[in-house]
Amino acid sequence: MQAWKGLLEEYREWLPVTERTPHLTLCEGNTPLIYSNQLSDRVRANVYLKYEGLNPTGSFKDRGMVLAVAKALEEGSQAVICASTGNTSASASAYAARSGIPSLIVIPHGYVALGKLAQALIYGARVLAIRGNFDQALQFVRESAEHLPVTVVNSVNPYRLDGQQTGAFEVCDALGESPDRLCIPVGNAGNISAYWKGFKAYHEKNVTSFLPKMCGFEAEGAAALVRGQAISNPETFATAIRIGNPASAHLAMAAVHESGGCIDSVTDDEIREAYRLIAAEGIFAEPASAASVAGLLKLYQKGDIRRDETIVCILTGNGLKDPDSAVETAAIEPLVIDASLEHVTAALEH
Ligand code: F0G
């Protein structure tokens with residue numbers, strides 16, 4: 001078996017990689033596409049979960065970040081900057097560390113899951129927590145970057161979306177064809193746009209013979225695309241997608257319309273239920289990831305899922321990033337006992 005070489009090598013001909021692009025990698029990509037027995041039974045279709053939490057920093061962001069940072073280095077950039085709800089910052093600071101350049105991270109104070117903050121800090125990022133939300137942080141980053149010798153590595157950087165196309169490539173490579181439908185969480189709307197770009201690229205070169213329906217799901221308290229207007233105070237327990245003014249709104253809506261898919265919202269309760277359901281099958285994804293599964297269940301309840309269609313739900317981030325949400329949602333405490341056979345027998349019977 002040949003070792004995986006990372007996305008810039010493996011998908012070289014599909015990406016804007018030149019002889020001058022540094023061979024940057026943390027062996028990102030190549031994440032598993034796991035058949036879900038429980039979800040498939042439940043919605044009477046073939047449901048796969050693309051577990052992006054197994055990327056090197058625990059989220060899909062690594063796919064775009066490896067290319068964005070490599071191109072920044074190629075262009076002689078000395079530092080990177082981003083706004084983030086947590087995952088982008090973890091990824092940017094890891095690839096910056098790998099490259100030996102500094103990273104500046106701007107996060108909404110109090111709204112970043114503990115694991116993500118820990119990542120940025122240990123990778124050595126300079127972390128600025130602003131009094132404001134993600135949308136304000138991104139605005140601040142874009143304005144600041146005009147005056148500083150830094151490269152913005154949010155998904156407004158086109159290389160991010162180019163790199164994230166590889167998620168779609170891997171799905172098609174694993175299935176041997178395009179899925180009928182993709183269900184994906186939507187926050188700043190970059191990933192849904194990137195997947196659509198990737199599916200179209202494979203289809204244009206006849207790697208696949210049809211295109212999937214793109215179904216994006218926002219959290220109800222942050223559903224700017226569903227409502228058709230920006231939300232100044234977005235709220236959801238899925239902090240990764242607590243975004244009220246998605247930067248790639250136009251691309252995302254084009255993906256939905258061109259593919260005959262949908263954009264819809266899911267409530268925090270629906271996200272929580274899906275979060276539990278995925279874990280009950282042995283897969284730990286973070287709350288925002290569960291929006292894709294919550295959305296699928298909503299479509300099924302509306303009668304929109306055809307029997308036996310092939311559906312891929314993207315699980316965007318690893319559950320370990322947000323231990324507080326897991327402990328709170330599980331709502332059970334460990335049983336404290338004396339180490340005796342009597343107690344363990346009682347626990348088994350319970
Ligand atoms: N899921 C997770 C776990 C995320 O971290 C994000 C975005 C999304 C879904 C939504 O993806 O923005 O491309 O629509 N997180 C960004 C961040 C905003 O800063 O880490 P999107």
Side-chain angles (χ1 to χ4, degrees), residues 31-60 86-87 90 111-119 174 183-185 217 219-221 235-242 266-303 305 307-308 310-350:
T31 58
L33 189 66
I34 306 169
Y35 186 79
S36 169
N37 295 310
Q38 293 186 15
L39 286 169
S40 298
D41 282 354
R42 198 153 162 158
V43 306
R44 300 196 174 90
N46 298 304
V47 181
Y48 293 85
L49 303 173
K50 177 79 168 154
Y51 192 22
E52 290 290 273
L54 294 189
N55 274 297
T57 78
S59 85
F60 71 96
N87 282 324
Y111 287 93
V112 169
L114 182 63
K116 304 175 188 181
L117 183 59
Q119 286 180 289
C183 293
I184 187 167
F217 300 98
E220 193 175 77
E235 273 312 337
T236 167
F237 118 100
T239 52
I241 52 173
R242 184 176 170 270
V266 285
T267 64
D268 277 6
D269 283 347
E270 288 166 333
I271 293 174
R272 230 184 229 107
E273 196 204 323
Y275 177 54
R276 276 208 197 92
L277 211 72
I278 302 161
E281 204 166 343
I283 300 166
F284 193 18
E286 67 170 285
S289 302
S292 59
V293 171
L296 168 62
L297 295 175
K298 186 170 177 184
L299 290 182
Y300 175 70
Q301 278 152 14
K302 287 201 290 186
I305 302 296
R307 211 184 169 100
D308 290 333
T310 297
I311 302 165
V312 171
C313 296
I314 307 299
L315 299 182
T316 44
N318 196 306
L320 288 170
K321 284 174 171 275
D322 190 356
D324 295 331
S325 290
V327 171
E328 184 194 307
T329 303
I332 35 170
E333 297 276 318
L335 203 60
V336 182
I337 58 160
D338 296 322
S340 74
L341 184 61
E342 183 195 337
H343 282 118
V344 78
T345 308
L348 187 64
E349 281 163 4
H350 180 74

Novice: For Asn46 and Asp308, which heavy atoms make the closest approach, and how far apart are they?
Specialist: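 Asn46 and Asp308 have their closest heavy atoms at ND2-O, 3.4 Å.
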Novice: Looking at NZ of Lys116 and CD of Gln119, how far apart are the two atoms once the value is rounded to the nearest 0.5 Å?
Specialist: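 That separation rounds to 9.0 Å.
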Novice: With side-chain contact (heavy atoms from CB on, under 4.5 Å) as the test, pick out the partner of Ile311 among Ile305, Leu39, Leu299, Leu49.
Specialist: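 Of the listed options, the one satisfying the test is Ile305.
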Novice: Please determine whether a side-chain nitrogen of the Lys or Arg among Glu235 and Arg242 lies less than 4.0 Å from a carboxylate oxygen of the Asp or Glu.
Specialist: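 Yes.
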Novice: Roughly how far apart are Ile278 CD1 and Arg276 CZ, rounded to 0.5 Å?
Specialist: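 Those atoms lie 12.0 Å apart.
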Novice: Between Thr316 and Ser59, is there a side-chain donor-acceptor contact under 3.5 Å, judged purely by atom types and distance?
Specialist: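 The answer is no; no qualifying pair exists.
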Novice: I'd like to know if the side chain of Asn318 reaches the main chain of Gly58, judged simply by a donor and an acceptor atom lying under 3.5 Å from each other, with no hydrogens or angles considered.
Specialist: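 No, Asn318 side chain to Gly58 backbone: no donor-acceptor pair under 3.5 Å.
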Novice: Does one side chain, of Asn87 or Glu286, offer a donor that lies under 3.5 Å from an acceptor on the other?
Specialist: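 The answer is yes; a qualifying pair exists.
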Novice: Kindly say whether Thr57 contributes a backbone atom to a donor-acceptor pair with the side chain of Lys321 at under 3.5 angstrom?
Specialist: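 Side chain of Lys321 to backbone of Thr57: a pair is present.
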Novice: Using modelled atom types and a 3.5 Å cut-off, is there a donor and acceptor pairing between side-chain atoms of Thr329 and backbone atoms of Ala326?
Specialist: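 Judged by distance alone, no pair lies under 3.5 Å.
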Novice: Donor-acceptor pair, Tyr275 side chain versus Glu270 backbone, under 3.5 Å?
Specialist: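 No, Tyr275 side chain to Glu270 backbone: no donor-acceptor pair under 3.5 Å.
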Novice: Look at the side chain of Ser289 and the backbone N and O of Ala285, then say whether any donor-acceptor pair between them is shorter than 3.5 Å.
Specialist: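 Flag not set: sc Ser289 to bb Ala285 has no pair under 3.5 Å.
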Novice: With sequence neighbours left out, write down each residue that passes side chain to side chain contact (heavy atoms under 4.5 Å, CB included) with Asn55, or none if nothing qualifies.
Specialist: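 Asn55 satisfies side chain to side chain contact (heavy atoms under 4.5 Å, CB included) with Glu28, Thr31, Glu52, Asp62, Arg63 once adjacent residues are dropped.
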Novice: Side chains of Thr236 and Asp268: any donor to acceptor distance under 3.5 Å?
Specialist: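 Yes, side-chain donor-acceptor contact under 3.5 Å.
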Novice: Show the nearest heavy-atom pair for residues Gly115 and Pro323, with the distance to one decimal.
Specialist: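 So the two residues come closest at N-CD, 4.4 Å.
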Novice: I'd like to know if the side chain of Ser36 and the backbone of Val47 have a donor-acceptor N/O pair within less than 3.5 Å.
Specialist: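 A pair under 3.5 Å: no.
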Novice: Testing the basics here: between Ile314 and Lys50, what is the closest heavy-atom pair and its distance to 0.1 Å?
Specialist: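 For Ile314 and Lys50, the tightest heavy-atom pair comes out as CD1-CB, 3.7 Å.
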Novice: Relative to Phe237, does Arg272 satisfy both conditions: NZ or CZ under 6.0 angstrom from the six-membered ring centre, and within 45 degrees of the ring's axis?
Specialist: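 Pair Arg272/Phe237 counts as cation-pi.
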Novice: Quick check for you: to the nearest 0.5 Å, what is the distance between Tyr300 atom OH and Arg44 atom CZ?
Specialist: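 It is 3.5 Å, given to the nearest 0.5 Å.
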Novice: So, for Phe284 and Tyr51, which heavy atoms are closest and what is the spacing to 0.1 Å?
Specialist: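 The pair with the smallest heavy-atom distance is O-OH, 2.6 Å.
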Novice: Search all heavy atoms of Cys183 against all heavy atoms of Leu296 and return the closest pair with its distance.
Specialist: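 Cys183 and Leu296 have their closest heavy atoms at SG-CB, 4.1 Å.
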Novice: If you take all heavy atoms of Val112 and Gly86, which pair is closest and at what distance?
Specialist: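 Scanning both residues completely, I find the closest heavy atoms to be CG1-CA, 3.9 Å.
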Novice: Salt bridge (Lys or Arg N to Asp or Glu O under 4.0 Å) with Glu281: which residues, sequence neighbours excluded?
Specialist: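 In terms of salt bridge (Lys or Arg N to Asp or Glu O under 4.0 Å), with neighbours along the sequence ignored, Glu281 is linked to no residue.
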